[in-house]
Amino acid sequence: MIVDDNVSLRLYCGILLKNAGYDVIEADNGLTALNYLQEITVDLILMDSQMPIMSGIEATKEIRTNIQYNLHQCIPIICYSGLLDEQHKEHLITVGISDFLVKPSSKASLLSIVNKWLKS
């Protein structure tokens, strides 16, 4: 699942991942992602940290702590953000983020991190 309020970025990442053989679901904010997770199962979430309505940080907290999302509590959540200094990364790890990808990223970087978590 790709969760980002930037339509162009979602489409670009979605195309790259679909071309690599992955099924992709797109959500425009954390709340939309949580609604999807009540209906479907996903293997990985690529999530922006800052979005309107519900941020990726808030959505990650819900996924990691709310029994309603127990099927997804252990899946990899990769923070896909332009704001990833060391202090911010430390905070995101405490929230439950599994890994990081800095925007903008290359096709190789995107596929490498997704493969790392889904092929292990």
Side-chain angles (χ1 to χ4, degrees):
M1 176 183 286
I2 301 168
V3 186
D4 200 302
D5 58 320
N6 183 317
V7 177
S8 299
L9 184 81
R10 280 197 327 265
L11 291 173
Y12 173 72
C13 292
I15 289 167
L16 293 178
L17 292 170
K18 286 175 187 174
N19 287 343
Y22 294 106
D23 294 325
V24 176
I25 297 160
E26 298 177 21
D28 59 356
N29 63 67
L31 184 59
T32 303
L34 293 178
N35 289 334
Y36 283 147
L37 293 178
Q38 292 177 29
E39 300 173 14
I40 58 170
T41 301
V42 300
D43 298 317
L44 178 140
I45 300 173
L46 187 64
M47 180 133 43
D48 186 11
S49 62
Q50 298 179 341
M51 295 175 283
I53 302 174
M54 179 182 275
S55 72
I57 296 168
E58 293 171 285
T60 298
K61 287 179 186 177
E62 281 295 307
I63 293 165
R64 296 297 192 220
T65 62
N66 189 329
I67 192 73
Q68 187 173 2
Y69 306 104
N70 65 336
L71 294 175
H72 295 96
Q73 286 179 336
C74 295
I75 67 165
I77 301 176
I78 300 166
C79 180
Y80 193 34
S81 177
L83 306 170
L84 289 175
D85 61 40
E86 287 307 312
Q87 184 179 5
H88 193 58
K89 282 183 178 180
E90 288 175 19
H91 172 68
L92 293 171
I93 289 169
T94 65
V95 169
I97 293 293
S98 308
D99 211 338
F100 307 93
L101 185 61
V102 178
K103 289 181 190 176
S105 66
S106 67
K107 173 184 175 181
S109 296
L110 173 66
L111 295 177
S112 175
I113 200 161
V114 170
N115 287 332
K116 169 186 164 183
W117 286 97
L118 293 181
K119 303 292 182 187
S120 56

Taking the side chain as every heavy atom from C-beta outward, state whether [X] and [Y] have any atom pair closer than 4.5 Å.
{"X": "L92", "Y": "E90", "result": "no"}
{"X": "I57", "Y": "M47", "result": "no"}
{"X": "I45", "Y": "I78", "result": "no"}
{"X": "P52", "Y": "D5", "result": "yes"}
{"X": "D28", "Y": "T32", "result": "yes"}
{"X": "L37", "Y": "V42", "result": "yes"}
{"X": "N66", "Y": "L34", "result": "no"}
{"X": "I75", "Y": "L44", "result": "no"}

> In terms of side-chain geometry, is the basic nitrogen of K103 or D48 positioned less than 4.0 Å from the acidic oxygen of its partner?
Replying inline: yes
> Got a salt bridge between D99 and K116, using NZ or NE/NH1/NH2 to carboxylate O under 4.0 Å?
Replying inline: yes
>> As a test of understanding, state which of S105, S106, S112 forms a side chain to side chain donor-acceptor pair (under 3.5 Å) with S109.
In response: S106
Indicate if [X] and [Y] have the same hydrophobic cluster label, given that clusters are the connected sets of ILVMFWY residues with side-chain heavy-atom separations under 4.5 angstrom.
{"X": "L111", "Y": "L11", "answer": "no"}
{"X": "L118", "Y": "V24", "answer": "yes"}
{"X": "I77", "Y": "I93", "answer": "yes"}

> Going by distance alone, is a donor N or O of one side chain under 3.5 Å from an acceptor N or O of the other, for N6 and Y80?
Replying inline: no
>> Using the rule side chain to side chain contact (heavy atoms under 4.5 Å, CB included), only one of E62, E58, M54 pairs with L31; which is it?
In response: M54
[X] and [Y]: which non-hydrogen atoms are nearest, and at how many Å?
{"X": "G96", "Y": "T60", "answer": "C-CG2, 3.8 Å"}
{"X": "S98", "Y": "P76", "answer": "OG-CA, 3.4 Å"}
{"X": "V95", "Y": "K61", "answer": "CG1-CG, 3.5 Å"}
{"X": "A59", "Y": "G30", "answer": "CB-CA, 3.7 Å"}
{"X": "I40", "Y": "H72", "answer": "O-CE1, 3.2 Å"}

> What do you reckon, is CD of Q87 surrounded by more than 12 foreign heavy atoms closer than 6.0 Å?
Replying inline: no
>> Can you confirm whether N70 is buried at CG, in the sense that more than 12 heavy atoms of other residues, nucleotides or ligands lie under 6.0 Å from that atom?
In response: yes
How many angstroms lie between atom [atom1] of [X] and atom [atom2] of [Y], to the nearest 0.5 angstrom?
{"X": "I15", "Y": "K107", "atom1": "CD1", "atom2": "NZ", "answer": "11.5 Å"}
{"X": "I2", "Y": "E26", "atom1": "CD1", "atom2": "CD", "answer": "5.5 Å"}
{"X": "L101", "Y": "S81", "atom1": "CG", "atom2": "OG", "answer": "10.0 Å"}
{"X": "R10", "Y": "M1", "atom1": "CZ", "atom2": "CE", "answer": "11.5 Å"}
{"X": "D43", "Y": "Y22", "atom1": "CG", "atom2": "OH", "answer": "10.0 Å"}
{"X": "Y69", "Y": "R64", "atom1": "OH", "atom2": "CZ", "answer": "13.5 Å"}

